[in-house]
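All heavy atoms count here, side chains included; hydrogens, waters and symmetry mates do not. Starting from 1, each residue takes its place in the sequence as its number.
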Amino acid sequence: MTLRFVMAMIACVGISLTLARADGMPEPEDRNFNPVPSIPGVPGPGVPATPQKPAKPTPVPAPVPAATPAPAAPVSAPSNPSPPASSTEPAPVPVVAPPASTQKKTLFEIVSIDVQIGERQPPFANVIVKGVARTGGWKNVELEPLPTFAKEVGMRSFKLVGTSPDGPATQALTPVTASIRIDPIPDDVKTIRVLGETNEVAQTFR
């Protein structure tokens with residue numbers, strides 16, 4: 001029994017040593033033995049670090065373009081616009097010039113002036129002027145008073161005017177006559193002057 005027990009103990013010790021070598025762990029006397037526990041991902045002392053592969057960049061989604069607003073529909077004017085509110089102020093009346101045929105024009109020439117003083121108080125004066133028109137057919141021949149700028153000189157001025165013919169007329173110089181009454185005639189008036197297209201004539205009567 002003793003021999004068998006010894007043999008069994010030897011066999012157990014041999015099996016234990018065999019299993020210890022078979023587990024891959026080095027012997028404590030091995031110079032490559034590293035007692036530092038290993039950490040996953042961290043190399044041990046003396047072991048070069050394994051380069052890590054760069055992580056793939058995360059794709060950035062492309063920006064979504066903003067929606068373009070639809071153009072506003074044009075506003076059409078109403079088919080029947082309301083009339084503007086009436087104003088209380090009356091509309092100005094346009095001034096319409098008379099036709100060219102009715103406008104008075106200066107006659108061609110002054111021939112003479114005759115001033116006749118009336119026999120009463122205060123006195124009055126009849127001024128008779130003879131002139132010449134370029135053609136026949138002149139109408140409404142008259143003496144048109146002119147503004148008096150220097151009353152101290154004792155003169156009153158007129159212009160011999162008339163309406164030219166608007167149709168066929170005699171193409172020759174034609175005598176004309178016009179008259180005007182000054183009632184009363186101022187005491188300071190001593191001279192009457194009449195203007196024509198080509199000349200003027202003055203007559204002193206006092």
Side-chain angles (χ1 to χ4, degrees), residues 66 68-206:
T68 304
V75 180
S76 59
S79 58
N80 296 323
S82 58
S86 59
S87 175
T88 56
E89 298 182 359
V93 179
V95 178
V96 180
S101 59
T102 61
Q103 291 181 356
K104 295 295 183 69
K105 298 180 181 180
T106 305
L107 274 79
F108 175 63
E109 184 179 9
I110 307 301
V111 176
S112 65
I113 301 174
D114 184 15
V115 181
Q116 300 174 358
I117 303 298
E119 295 294 335
R120 71 170 176 78
Q121 294 296 328
F124 64 91
N126 288 325
V127 180
I128 303 172
V129 176
K130 294 181 179 181
V132 177
R134 288 183 178 273
T135 65
W138 284 73
K139 302 176 182 179
N140 304 322
V141 179
E142 63 181 0
L143 293 172
E144 179 182 296
L146 297 178
T148 301
F149 299 102
K151 295 182 179 181
E152 65 275 6
V153 300
M155 179 184 295
R156 293 293 183 270
S157 299
F158 299 87
K159 183 168 61 174
L160 184 63
V161 297
T163 304
S164 61
D166 55 358
T170 304
Q171 299 301 310
L173 297 178
T174 304
V176 294
T177 302
S179 62
I180 189 171
R181 180 168 179 167
I182 306 174
D183 188 8
I185 185 169
D187 295 337
D188 61 335
V189 176
K190 301 177 181 180
T191 303
I192 299 297
R193 183 182 66 155
V194 180
L195 284 70
E197 181 183 353
T198 59
N199 71 331
E200 63 178 65
V201 177
Q203 179 67 43
T204 300
F205 57 90
R206 286 179 178 171

Side chain proximity check, [X] to [Y], heavy atoms < 4.5 angstrom:
| X | Y | answer |
| --- | --- | --- |
| Ile182 | Ile192 | yes |
| Glu144 | Leu195 | no |
| Ile185 | Arg206 | yes |
| Val161 | Lys105 | no |

Would you give the length of the straight line joining atom [atom1] of [X] to atom [atom2] of [Y], rounded to the nearest 0.5 angstrom?
| X | Y | atom1 | atom2 | value |
| --- | --- | --- | --- | --- |
| Leu160 | Thr177 | CG | OG1 | 9.0 Å |
| Leu107 | Ser164 | CG | OG | 9.5 Å |
| Ile110 | Lys159 | CD1 | NZ | 11.0 Å |
| Glu200 | Ile113 | CD | CD1 | 9.0 Å |

- Message: One thing to verify: whether Lys139 and Asp166 come together as a salt bridge, which I'm taking to mean a side-chain N less than 4.0 angstrom from a carboxylate O.
- Response: no

- Item | Short side-chain to backbone donor-acceptor contact, Gln171 and Ala169, under 3.5 Å |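 A pair under 3.5 Å: yes.
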
- Message: Using a 3.5 Å distance criterion without hydrogens, assess whether the side chain of Thr148 forms a donor-acceptor pair with backbone atoms of Arg156.
- Response: no

Minimal non-hydrogen separation, [X] against [Y], with atom names:
| X | Y | result |
| --- | --- | --- |
| Ala202 | Thr191 | CB-CG2, 4.1 Å |
| Gly136 | Pro165 | O-CG, 3.4 Å |
| Phe205 | Val189 | CZ-O, 3.5 Å |
| Thr174 | Ala172 | OG1-O, 3.1 Å |

- Message: More than 12 heavy atoms of other residues, nucleotides or ligands under 6.0 Å from CD of Glu119: yes or no?
- Response: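 At most 12 heavy atoms, drawn from other residues, nucleotides or ligands, come within 6.0 Å of this atom.
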
- Asp187 atom CG: more than 12 heavy-atom contacts under 6.0 Å: no

Report all side-chain donor-acceptor pairs from residues 123-135 shorter than 3.5 Å, counting only partners two or more places apart or in another chain.
from	atom 1	to	atom 2	distance (Å)
Arg134	NE	Glu197	OE1	3.3
Arg134	NH2	Glu197	OE2	3.2
Thr135	OG1	Trp138	NE1	3.3

